[in-house]
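Only heavy atoms go into these numbers, but all of them, side chains included; no hydrogens, no water, no symmetry mates.
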Amino acid sequence: DGGHRYMAIARLQSGVTREQAALEMQRVTERLREQYPGSVADNASGRFIITDYQALLVGKDLRRTLWVLLGAVGFVLLIVATNVASLFQTRVAKRRREMAVRAALGAERVRLVRQLLTESLILGLAGGVVGLILAWWTLNALLTLAPPLPRANFIGLDMRVLGFTMCVSLLTALAFGLATAVPGSCSNMVESLREGGYSGGGNRAANRGRGLLVATQAALAVILLAGAGLLVGTFVKLRAVDLGFQPEHVITASFDRTPSRYDPPEARWAFQQQLLERIRALPGVRAAAVASNIPFQQGLNIPVTVAGDPQATEGAVEWRAVSPEYFDVMGIPILRGQKFTDIDRQGTVPVVIINESYARRYFSDRDPIGERLLVG
């Protein structure tokens, strides 16, 4: 009774959907509201918010991005595999006379296939090892260039990556090695010996096989190129979207924790003022501010209600505490009203600035300037 912001973690039984769980939690809320009158609000803030635990940890919008990336990597892998197959076939075609001589000297077909297949497996394993070495060298650079990812400290090379790489290398070498070694071992000995060396023409079956591989490579490359073009076009459009602030020429620094002597609010206020004065005195600094967090960093989510209208309640509003020059530093325009000033501090009338989406949702029919909000 009186407690808020508790998080419950539950595992759904087999066959139970999230919609069913949400309906059941709505019934639980009604019982709690009857059992603790006045403690559970009869609006949006007095309800359970059910979310997927994995989405809570890694983000809701990241799954689609990773699937797109995985698809692109899969197409590249297919192109590489077909390229390897084409190289295997060309390699066997160049050794047709050698295989014919070995067969003429009594070598069995099984031994010829085994030799070609062994060479293919060795090449496949060598390629996998080289790929792992390159991945190990470039992983840190890729993580540095990539945007911030949740649980990025868990991204690395482990036994699963090693096993996948070896399996793909072995399966590629085995599949395409057999596909080229078996036809290459049963070529016409008389025709191969008469060639006196490698002829780029080869037999019709080999030419059809090479043509099929080239066509497959071209088709996969076109699909990958089309997808890359769509992604580049989307990226260009996203770059043109107005963020609502100007990230250029802005430098940030964070302080995770201050010493215990700054626990009183007055001490923290004095520390921030001294910090800002020193930063403003640095060469090239035009403005400086402090903030609890910056755009695209998750802030403190708290319920906010429009005074006099209990139904106008948002259960989770992202809240930031900022110093007066924050809007100048971030290049955030004030559409209506005025910015914070130095007189807006503890002991004076509390003021708040809302964004355009909040104003449109709860003040669409009236001027929000001068309204009162109940925070928390």
For T341, which residues count as a side-chain hydrogen bond (donor to acceptor under 3.5 Å, both in side chains) partner, sequence neighbours excluded?
D344
Qualifying residues under salt bridge (charged side-chain N to carboxylate O under 4.0 Å, His left out), relative to E371, sequence neighbours excluded
R366
Tracing side-chain contacts under 4.5 Å among Ile, Leu, Val, Met, Phe, Trp and Tyr outward from V236 reaches V232
Partners of R361 by salt bridge (charged side-chain N to carboxylate O under 4.0 Å, His left out), sequence neighbours excluded?
E314
When Ile, Leu, Val, Met, Phe, Trp and Tyr are grouped by side-chain heavy atoms lying under 4.5 Å apart, directly or through other members, which residues fall in the same group as F164?
L77, V168
Nonpolar side-chain network containing V16, other nodes, edges under 4.5 Å:
L12
Got a sec, which pairs hit side chain to side chain donor-acceptor pair (under 3.5 Å) with one end in residues 242-251, sequence neighbours left out?
none
Kindly indicate whether the side chain of Y326, heavy atoms from C-beta on, has any atom under 4.5 Å from the side chain of P324.
no
Considering only heavy atoms from C-beta outward, does the side chain of L373 approach that of I354 to under 4.5 Å?
yes
What residues, two or more places apart in sequence or in another chain, satisfy ring-ring contact (aromatic ring centres under 6.0 Å, His included) together with Y362?
Y358
With sequence neighbours left out, the residues meeting side-chain hydrogen bond (donor to acceptor under 3.5 Å, both in side chains) with D367 are R336
List for me each residue that meets side-chain hydrogen bond (donor to acceptor under 3.5 Å, both in side chains) alongside D309, sequence neighbours excluded, and say none if there are none.
none
Remaining members of the apolar cluster that contains L70, side-chain heavy atoms under 4.5 Å:
W67
With sequence neighbours excluded, residues passing salt bridge (charged side-chain N to carboxylate O under 4.0 Å, His left out) with R27:
E24
